[in-house]
Amino acid sequence: MTPLQRATAMADFAPDRIVAVASGKGGVGKTWFSVSLCQALALRRRKALLFDADMGLANVDVQIGLMPEQDVARAVVNGVPLAKVVEPALGGLFDVIAGQSGSGSLGRLTAAQLNALVIGLDALAPRYDHVVLDLGAGVEESVMRMAGAAARCIVLITDEPTSLTDGYAFIKVARTRFPQLGFDVVVNMADSPREGERTYATMRRACESFLKFAPPLLGIVRADRRVKEAIRRQTPLLTCHPDADAAHDVKAIAAALASQRAAAHG
């Protein structure tokens with residue numbers, strides 16, 4: 001099997017272990033959601049790894065106040081195994097593979113380098129119950145290659161028209177590239193659960209009309225002013241405001257994700 005074939009076959013390896021978090025555009029809270037989801041999974045006593053797979057504008061470490069000694073660039077440039085660049089976060093609650101903050105150089109990775117990352121992830125993932133990939137926004141090649149490393153992809157949307165159209169475009173391109181990839185939708189920054197359901201219904205209708213399938217709704221995260229406060233403090237919301245509405249919503253999504261894996265194991 002060639003490296004590309006192995007990368008494409010990742011869904012056969014871990015159908016319930018690796019989940020990518022994607023968005024068609026920036027500014028929808030993707031990295032915040034990835035951090036919060038990983039923390040919520042860890043709080044459920046799941047061994048979790050957060051991989052900052054935004055090769056252009058990595059910032060997971062900034063959001064959680066982590067000063068990483070290693071990052072994914074070392075693995076790419078020096079051929080170091082991904083296991084060697086894993087660092088504990090939040091007192092060891094979960095692990096992180098940091099991106100290279102403030103540098104867009106990883107956005108120009110070659111196909112061979114991207115394949116090597118996916119193969120490294122293949123080797124590392126069995127050590128964890130859940131691996132969360134925080135993808136870059138859009139449909140660039142590096143985003144698509146990393147999306148193909150997952151078995152499921154959570155597409156984060158808001159009620160903004162550009163978020164809906166770009167989220168749909170991501171699903172369309174990724175589904176064409178990786179027919180085995182499963183999709184879920186999470187509506188972020190919803191004014192209310194009812195408004196979140198309306199936003200999801202718009203996405204569902206577009207997918208049903210043009211792609212002939214309907215990605216299920218995994219959850220709705222309500223708009224919460226404390227999210228911005230937590231990001232400014234570089235402290236995860238579930239740490240500084242565990243009883244916030246958005247915190248409860250992410251915890252519910254983590255529970256649903258954990259249940260998916262339990263169901264897959266029978």
Between [X] and [Y], which heavy-atom pair has the shortest distance, and what is it?
| X | Y | value |
| --- | --- | --- |
| Arg17 | Pro126 | NH1-O, 3.7 Å |
| Leu133 | Leu121 | CD2-CD2, 3.8 Å |
| Ala20 | Leu135 | CB-CD1, 3.7 Å |
| Glu87 | Met67 | OE1-O, 4.4 Å |
| Pro242 | Ala247 | O-CB, 3.5 Å |
| Leu66 | Pro88 | CD1-O, 4.0 Å |

Could you check if a side-chain atom of [X] sits within less than 4.5 angstrom of a side-chain atom of [Y], using non-hydrogen atoms only?
| X | Y | result |
| --- | --- | --- |
| Leu41 | Phe94 | no |
| Leu43 | Leu93 | yes |
| Lys251 | Arg44 | no |
| Leu181 | Arg175 | no |
| Leu50 | Val35 | yes |
| Val21 | Val132 | yes |
| Val250 | Val221 | yes |
| Trp32 | Leu237 | yes |

Verify, without hydrogens or angle tests, whether [X] (side chain) and [Y] (backbone) share a donor-acceptor contact under 3.5 angstrom.
| X | Y | result |
| --- | --- | --- |
| Ser259 | Ala255 | yes |
| Gln113 | Thr110 | yes |
| Asp129 | Lys47 | yes |
| Asp52 | Val60 | yes |
| Ser34 | Asp134 | no |
| Asp122 | Val118 | no |
| Asp224 | Asp245 | yes |
| Gln63 | Thr235 | no |
| Lys172 | Gly167 | no |
| Ser209 | Ala206 | no |

Quick one: [atom1] on [X] to [atom2] on [Y], what's the gap to the nearest 0.5 Å?
| X | Y | atom1 | atom2 | result |
| --- | --- | --- | --- | --- |
| Leu117 | Ser142 | CG | OG | 10.5 Å |
| Thr165 | Glu160 | OG1 | CD | 10.0 Å |
| Arg204 | Leu211 | CZ | CG | 14.0 Å |
| Arg226 | Ile231 | CZ | CD1 | 14.0 Å |
| Thr199 | Ile220 | OG1 | CD1 | 8.0 Å |
| Thr239 | Ile64 | OG1 | CD1 | 9.5 Å |

> Can you check side-chain contact (heavy atoms from CB on, under 4.5 Å) on Val86 and Tyr128, steps first, answer last?
Replying inline: CA-CA 12 Å; Val86 171; Tyr128 296 91; 3.7 Å; yes
> Could you go step by step and tell me if Val143 and Glu140 meet the side-chain contact (heavy atoms from CB on, under 4.5 Å) rule?
Replying inline: CA-CA 5 Å; Val143 176; Glu140 287 76 13; 4.1 Å; yes
> Between Met203 and Ile171, is a side-chain contact (heavy atoms from CB on, under 4.5 Å) present by the stated rule, with each step listed?
Replying inline: CA-CA 10 Å; Met203 173 65 79; Ile171 293 173; 4.2 Å; yes
>> My understanding is that only one of Leu156, Ile157, Val155 makes a side-chain contact (heavy atoms from CB on, under 4.5 Å) with Phe170; could you say which?
In response: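 Running side-chain contact (heavy atoms from CB on, under 4.5 Å) over Leu156, Ile157, Val155 with Phe170 returns exactly one hit, Val155.
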>> So if I apply the side-chain contact (heavy atoms from CB on, under 4.5 Å) rule between Leu124 and each of Val131, Ile119, Leu49, Asp95, which one comes out positive?
In response: Leu49
> Quick check: are there more than 12 heavy atoms from other residues, nucleotides or ligands sitting under 6.0 Å from CZ of Phe210?
Replying inline: no
> Should Arg198 and Glu195 be marked as a salt bridge (Lys or Arg N to Asp or Glu O under 4.0 Å) after you check the CA-CA gap, both sets of side-chain angles, and the distance that decides it?
Replying inline: CA-CA 5 Å; Arg198 289 176 179 169; Glu195 288 302 315; 2.6 Å; yes
>> If you apply the rule side-chain contact (heavy atoms from CB on, under 4.5 Å), what do you find for Thr202 with Asp159, and how did you get there?
In response: CA-CA 9 Å; Thr202 300; Asp159 63 355; over 6 Å; no
> Are Arg46 and His130 close enough that a side-chain donor and a side-chain acceptor fall under 3.5 Å?
Replying inline: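 The criterion, which ignores hydrogens and geometry beyond distance, is satisfied for His130 and Arg46.
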> Is the shortest distance from a Lys or Arg side-chain nitrogen in Glu141 or Arg177 to a carboxylate oxygen in the other one below 4.0 Å?
Replying inline: yes
Only pairs under 3.5 Å count here: list side-chain donor-acceptor contacts from residues 182-190, not counting sequence neighbours, and write none if there are none.
{"unit_1": "Asp184", "atom_1": "OD1", "unit_2": "Arg152", "atom_2": "NH2", "d": "3.3"}
{"unit_1": "Asp184", "atom_1": "OD2", "unit_2": "Arg152", "atom_2": "NE", "d": "2.8"}
{"unit_1": "Asp184", "atom_1": "OD2", "unit_2": "Arg152", "atom_2": "NH2", "d": "3.2"}
{"unit_1": "Asn188", "atom_1": "ND2", "unit_2": "Val28", "atom_2": "O", "d": "2.7"}

